[in-house]
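Heavy-atom basis, side chains included; hydrogens, waters and symmetry copies ignored. Chain identifiers are assigned alphabetically (A, B, ...) following the order of the sequence lines, protein sequences preceding nucleic acid strands; residue numbering begins at 1 within each chain.
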There are 2 protein chains.
Amino acid sequence: MEDVESWPTGRLLSAAARMVERRFDRFLADLDLTHAGMITLHHLESGPLSQRELARLCRVTDQTMSRTIERLARTGHADRAEDTQDRRRTLVRISVKGTEALVAARAEEKRFEKDLGYDAIRPQLIALIRKQL
Amino acid sequence: MEDVESWPTGRLLSAAARMVERRFDRFLADLDLTHAGMITLHHLESGPLSQRELARLCRVTDQTMSRTIERLARTGHADRAEDTQDRRRTLVRISVKGTEALVAARAEEKRFEKDLGYDAIRPQLIALIRKQL
DNA sequence: GGCGGATGCTCAGCAGGCTGAACAATGGGC
DNA sequence: GCCCATTGTTCAGCCTGCTGAGCATCCGCC
């Protein structure tokens with residue numbers, strides 16, 4: 001009925017990503033969290049980081065990260081502190097609420113991956129990302 | 001250096017999709033076209049369609065499609081016509097400029113896929129999309 | 001003929017990508 | 001010590017997702 005077969009690979013990728021993300025967001029909404037926020041919290045787990053460092057790790061621009069953090073701060077999942085060494089810099093820290101949400105989200109993510117069983121794609125996706133277009 | 005290996009599959013998918021899309025957008029910008037626009041034009045090739053039908057085929061909401069078409073009309077890649085049968089409906093048609101852009105974009109897409117050679121992912125992506133979460 | 005639900009589209013508002021530009025703080029070189 | 005390039009963040013603006021609401025048209029049924 002729909003010629004998914006004939007879609008170019010780029011479109012298949014976006015469609016699949018959007019589908020999975022949309023599905024997962026339904027759960028995250030209960031935690032007052034978004035996909036982008038969850039990824040950011042993940043990187044904050046092992047200690048405070050500057051926004052730039054976070055952006056690099058999450059693979060988004062500084063500007064996008066700025067807004068994501070603004071949202072995390074608003075919802076109380078993280079907070080910002082001035083870096084006393086370098087006053088240009090902001091240190092972002094995960095909060096208790098943030099840690100709890102992250103744990104819950106990760107558990108759900110595990111269940112989700114198990115249910116879907118799409119592990120077979122992983123190696124190819126990793127290889128693709130490593131190509132660093 | 002970056003533990004891509006440990007990312008959950010959902011994140012791998014989004015990251016890969018964004019990477020490919022960003023790369024392809026660099027080319028599309030020269031055609032005054034976007035990824036969403038190109039997909040829409042693709043479905044218009046075989047004849048005019050209503051916005052709702054287009055949205056279904058492109059797998060986006062009616063609202064998103066409304067804006068995409070607005071943009072395509074603004075750039076002259078498509079135009080809207082009233083459906084005389086049903087005045088609620090708008091018939092969207094691809095223009096000559098649209099057809100030309102589509103042909104060019106598709107050619108580039110082919111080259112791109114060849115260069116990257118990520119065909120191996122296709123079957124799994126198709127299977128995933130078919131699951132219709 | 002007229003009412004009410006279904007259908008097709010748009011508006012408003014939020015989130016998250018991106019680019020380009022502005023702005024403050026830092027720090028190296030003269 | 002001062003100037004200027006670099007660095008870290010933010011603002012503005014655009015595009016594309018989404019949801020929730022609103023509005024016009026259509027159509028079936030009484």
Choose from C:dT26, D:dT16, C:dG17 the nucleotide whose nearest atom is closest to any side-chain atom of A:R87.
C:dT26
Rounded distance (Å) that lies between atom P of D:dC15 and atom CZ of B:F24:
18 Å
Does any N or O donor sit under 3.5 Å from an N or O acceptor when you compare the side chain of B:Q63 with the base of D:dG20?
yes
Strictly below 4.0 Å: does B:S66 bring a side-chain N or O up to OP1 or OP2 of C:dT10?
yes
So for B:R88 and C:dT7, does any side-chain atom that can act as donor or acceptor lie under 3.5 Å from a complementary atom in the base?
yes
Which whole-number value in Å describes the distance from B:R22 CZ to D:dC15 P?
19 Å
Touch class at under 4.0 angstrom, heavy-atom based, for B:R89 against every strand present:
sugar-phosphate
Check whether any side-chain heavy atom of A:F27 lies under 4.5 Å from a side-chain heavy atom of A:E109, and answer yes or no.
no
Assign B:D86 to base, sugar-phosphate, or nothing according to its heavy-atom contacts below 4.0 angstrom with the strands shown.
sugar-phosphate
Remember a base hit wins even if backbone is also touched, and classify A:T34 as base, sugar-phosphate or nothing at under 4.0 Å, heavy atoms.
sugar-phosphate
What is the nucleic acid contact for A:T90, judged by heavy atoms within less than 4.0 Å: base, sugar-phosphate only, or nothing?
sugar-phosphate
Residue-phosphate contact under 4.0 Å: B:R74 side-chain N/O, D:dC15 OP1/OP2
yes
Which of these nucleotides, D:dC26, D:dT7, D:dT10, is closest to any side-chain atom of A:R52?
D:dT7
Under 4.0 Å, heavy atoms only, any strand: does A:T64 hit a base, just the sugar-phosphate, or nothing?
base
Contact nearer the 5' end of DNA chain C, comparing B:L91 with A:T84:
B:L91
Once rounded to the nearest 0.5 Å, what's the spacing between atom CD1 of B:I129 and atom CE of A:M19?
6.5 Å
Euclidean distance, A:E5 CD relative to A:L12 CG, rounded to 0.5 Å
9.0 Å
In whole Å, what is the span from the CD atom of B:E70 to the C1' atom of D:dT16?
13 Å
Taking the side chain as C-beta and beyond, is there a heavy-atom pair between B:T75 and B:L33 under 4.5 Å?
no
Roughly, in whole Å, what's the span from CZ in B:R23 to C1' in C:dC18?
17 Å
Atom pair distance, as rounded to whole Å: CG in A:L72 and C1' in C:dA15:
12 Å
Bend angle of the helix from C:dG1-D:dC30 to C:dC30-D:dG1, from helix axes over five pairs at each end, nearest 10°:
10°
Any N or O donor-acceptor pair linking the side chain of A:R67 to the base of C:dG17 at under 3.5 Å?
yes
Parallel, tilted or perpendicular, as decided by the 30° and 60° cut-offs, for the rings of B:Y118 and B:F112
perpendicular
Per atom distances to the B:S50 side chain, the nearest of D:dT25, C:dC9, C:dC18 is C:dC9
Separation of B:M38 atom CE from D:dC15 atom C1', in whole Å?
17 Å
From B:M38 atom CE to B:H35 atom NE2, the distance as rounded to the nearest 0.5 Å:
6.5 Å
Would one find a side-chain N or O of B:R80 under 4.0 angstrom from OP1 or OP2 of C:dT10?
yes
Among B:L41, B:L49, B:D79, exactly one meets side-chain contact (heavy atoms from CB on, under 4.5 Å) together with B:I94. Which residue is that?
B:L41
In this structure, how many angstroms lie between the C1' atom of D:dA24 and the CG atom of B:D83, rounded?
15 Å
Among B:R52, B:R67, B:R56, salt bridge (Lys or Arg N to Asp or Glu O under 4.0 Å) partner for B:D62:
B:R52
Could you state the atom-to-atom distance from CD1 of B:I69 to P of D:dC15 in whole Å?
15 Å
